[in-house]
*Asks:* 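I have a structure here, written as structure tokens, and I will follow up with some questions on it.
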Amino acid sequence: MPHIFDMLLAVFDRAALMLICLFFLTRTPLFRKLLHKENENHTPLELAAVTAIFSLFAIFGTLSGINVEGSLINVRTIAIMSGGILFGPWVGIITGLISGTHRFLIDIHGPTSIPCLITSITAGFLSGYINKKVKKALHWKVGIIAGMLCETLTMVLILLMARPFSLGLDIVMNIAAPLILGASSIGLIVLLVQSVEDEKEVIAARQARLALDIANKTLPYFRDINADSLASICRIIREDIDADAVAITDTRNILAYVGVGADEYNIGHESLSEMTKASLESGVITVRNNDEMDRTPQIHSLIIIPLWEKGEVTGSLKIYYCDPHRITYSLKVMAIGLSQIMSTQMEVSRTEQLREMANKAEMRALQSKINPHFLFNALNAISSSIRARPDVARQLIINLSRYLRYNLELNDELIDLRKELHQVQDYIAIEQARFGSKLTVIYDIDDDISVKIPSLLIQPLVENAIVHGIQKCSGKGVVVISVKHQAEGIKVSVKDTGHGINQETIDRVARNEMPGNKIGLLNVHHRVSLLYGQGLTIRRLEPGTDISFVINHAPAKVTAAIQSQTA
């Protein structure tokens with residue numbers, strides 16, 4: 001027993017030496033890079049390097065083995081199993097073939113040479129299977145069991161092949177326990193290397209948080225993308241990741257460049273380098289860790305990450321360092337996460353800009369529709385009143401001038417609701433001069449109303465009531481403009497006794513579709529829905545139509561909503 005115990009200690013001693021060597025390997029950047037990559041992403045050269053390392057361990061295990069009656073107590077199987085479990089079938093199988101063949105050749109006629117060759121190859125295949133089929137968390141446990149089974153297989157083959165049988169039995173009696181129990185070292189080696197490999201998840205989480213922090217800081221600058229805002233974004237990224245320079249490009253030019261070498265570039269007009277163009281065309285991240293840039297020779301490390309919008313590459317984020325080999329795995333993880341966030345932010349920003357342009361275009365269309373149409377009728381009404389009723393004509397000119405001034409001064413600022421009502425009154429005064437006794441307007445407005453709203457919310461509804469309601473009726477008509485306090489907010493209602501709106505128009509407005517030539521109605525529905533959460537409520541009456549909306553936000557919140565449209 002003491003003899004067997006000494007041999008067991010010898011096995012653990014050699015396994016510990018292998019463990020120490022692997023520990024120091026895991027401290028080197030190149031080996032850590034291998035561990036941080038998925039097995040299927042390893043290049044053939046990387047797999048060859050790892051295979052060479054574990055083959056050397058296995059051969060060393062054989063050469064440092066303790067000779068027992070022609071057999072060797074060694075850690076070859078431990079090296080084979082560890083390599084295959086950690087790095088996949090190719091490493092395990094090739095390591096098994098190399099070390100098994102070596103074991104056979106150094107003692108071709110030995111009683112254990114063929115059993116050791118067979119079990120070495122078997123260990124390579126078995127370790128590859130574990131790598132592919134067994135959950136990673138169980139690798140170390142299954143590895144120990146598989147290593148013990150391989151050593152047990154070795155003992156069985158020795159008993160079957162060794163001649164005389166008594167020699168084989170004697171060998172097995174001496175080496176079985178140390179080799180089988182020593183296979184437990186496989187678990188320690190696998191756990192050690194996996195602990196380094198698992199660091200990539202911690203690194204990814206830390207870098208994801210950094211990317212989110214940077215995204216949070218840069219978010220305000222994406223609301224209006226221009227040269228200054230992009231330069232500010234580059235400045236923030238550079239400071240937070242301690243880069244020497246950061247640039248953002250589109251598919252043709254450098255849009256912003258901050259840091260070392262900025263004086264060398266004509267920002268906004270500088271063409272992209274061939275390396276950047278190639279990265280944009282392929283959509284693949286480019287890393288250079290020991291190059292010298294033509295324009296800025298002091299820079300030796302860079303990463304180019306394409307930015308995507310709607311499935312297409314629209315630009316790139318470029319990060320530079322003066323020192324070589326600064327583009328580490330952790331930086332690459334962070335930069336990829338940041339670029340994905342930036343791509344989303346830029347896409348959202350462009351969408352918001354397009355929506356803002358559409359809103360402004362729709363507002364301009366609304367104004368251009370109101371002005372010529374209304375101006376023609378107003379001038380006719382004034383012309384017909386000049387001789388017979390000069391005082392009325394004078395007042396109509398005042399009403400018209402105020403109305404036109406109001407429309408010319410329209411902007412994105414909020415106005416007092418009563419100012420909007422004054423504009424409505426000017427509009428109605430001119431329409432009443434035109435329609436005469438056919439049009440009656442009733443104002444039902446609470447005295448203590450004090451709230452700010454966007455311009456042109458009420459007037460288009462009044463115009464709709466008069467032009468599409470009262471004008472189409474043969475008799476007299478009434479329009480009631482109501483602004484009343486309610487539990488949910490301030491309710492604005494425009495009711496008429498006219499022709500009545502048809503159900504198709506109501507349905508199309510609800511679906512945000514243009515209902516015929518009623519651009520004003522749809523515009524108000526859009527804006528009210530965006531600002532107050534619910535669009536227009538349209539009801540057909542008998543006779544007439546009732547269109548209303550509720551102002552249910554505080555002025556500060558409405559202001560924020562207005563600003564978000566124009567930011």
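Any value given below was found using the heavy atoms of this structure, including those in side chains, with hydrogens, waters and symmetry copies removed. Quick caveat, the model's predicted, so the values are computed rather than measured. Positions are given from 1 along the sequence.
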*Asks:* Report, one line per pair, each donor and acceptor closer than 3.5 Å where one atom sits in a side chain of residues 140-153; sequence neighbours left out.
*Replies:*
{"from": "E151", "atom 1": "OE2", "to": "T77", "atom 2": "OG1", "distance (Å)": "3.2"}
{"from": "T152", "atom 1": "OG1", "to": "M148", "atom 2": "O", "distance (Å)": "2.7"}

*Asks:* Can any side-chain N or O of D240 pair as donor or acceptor with the backbone N or O of I214 at less than 3.5 Å?
*Replies:*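 Absent.
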
*Asks:* Is the backbone of P115 close enough, under 3.5 Å, to the side chain of T112 for a donor and an acceptor to pair up by distance?
*Replies:*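 Not at all, since once roles are kept as given, no pair shorter than 3.5 Å links the two residues.
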
*Asks:* List the atom pairs, donor and acceptor, that lie under 3.5 Å between side-chain atoms in residues 120-129 and the rest of the protein, sequence neighbours left out.
*Replies:*
{"from": "S120", "atom 1": "OG", "to": "R76", "atom 2": "NE", "distance (Å)": "2.9"}
{"from": "S120", "atom 1": "OG", "to": "C116", "atom 2": "O", "distance (Å)": "2.7"}
{"from": "T122", "atom 1": "OG1", "to": "I118", "atom 2": "O", "distance (Å)": "2.8"}
{"from": "S127", "atom 1": "OG", "to": "A123", "atom 2": "O", "distance (Å)": "3.1"}
{"from": "S127", "atom 1": "OG", "to": "G124", "atom 2": "O", "distance (Å)": "2.8"}

*Asks:* My understanding is that only residues two or more places apart in sequence, or in another chain, count here; which of them pass side-chain contact (heavy atoms from CB on, under 4.5 Å) with F104?
*Replies:*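 For F104 the side-chain contact (heavy atoms from CB on, under 4.5 Å) partners, ignoring immediate neighbours, are I108, S113, I114, L117.
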
*Asks:* Closer than 3.5 angstrom, by distance alone: can the side chain of H109 be matched with the main-chain N or O of D107 as a donor-acceptor pair?
*Replies:*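 The answer is no, because no donor-acceptor pair under 3.5 Å joins these two groups.
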
*Asks:* Are D250 and T314 packed together at the side-chain level, in the sense that at least one heavy-atom pair is separated by less than 4.5 angstrom?
*Replies:*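 No, side chains not in contact.
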
*Asks:* Verify, without hydrogens or angle tests, whether R252 (side chain) and T249 (backbone) share a donor-acceptor contact under 3.5 angstrom.
*Replies:*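 Pair absent, no side-chain N/O of R252 close to backbone of T249.
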
*Asks:* Take atom NZ in K332; do more than 12 heavy atoms of anything else shown fall under 6.0 Å from it?
*Replies:*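 Incorrect, the count does not exceed 12.
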
*Asks:* Quick one: does any side-chain atom of R238 pair with a main-chain N or O of V258 as donor and acceptor, under 3.5 Å?
*Replies:*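 No, the answer is negative, given that no donor and acceptor are paired below the 3.5 Å cut-off.
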
*Asks:* Please answer whether the main-chain N or O of R326 pairs with a side-chain N or O of N289 as donor and acceptor at a distance below 3.5 Å.
*Replies:*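 Yes; at least one donor-acceptor contact below 3.5 Å.
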
*Asks:* Any chance you could measure L230, atom CG, to I254, atom CD1, to the nearest 0.5 Å?
*Replies:*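 The CD1 atom of I254 is 12.5 Å from CG of L230, to the nearest 0.5 Å.
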
*Asks:* Can a donor-acceptor pair be found, under 3.5 Å and without considering hydrogens, that links the side chain of T28 to the backbone of F24?
*Replies:*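 No; zero donor-acceptor contacts below 3.5 Å.
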
*Asks:* Can any side-chain N or O of S71 pair as donor or acceptor with the backbone N or O of V68 at less than 3.5 Å?
*Replies:*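 Not a single qualifying donor-acceptor pair exists.
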
*Asks:* Verify side-chain contact (heavy atoms from CB on, under 4.5 Å) between V75 and S185, making sure each step is shown before the conclusion.
*Replies:* CA-CA 9 Å; V75 292; S185 301; over 6 Å; no

*Asks:* Looking at H525 and A510, would you say the former's side chain and the latter's main chain have a donor-acceptor pair under 3.5 Å?
*Replies:*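 Absent.
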
*Asks:* With rounding to the nearest 0.5 Å, note down the distance linking CD1 in I59 to CZ in R103.
*Replies:*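 I59 atom CD1 to R103 atom CZ measures 13.0 Å (nearest 0.5 Å).
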
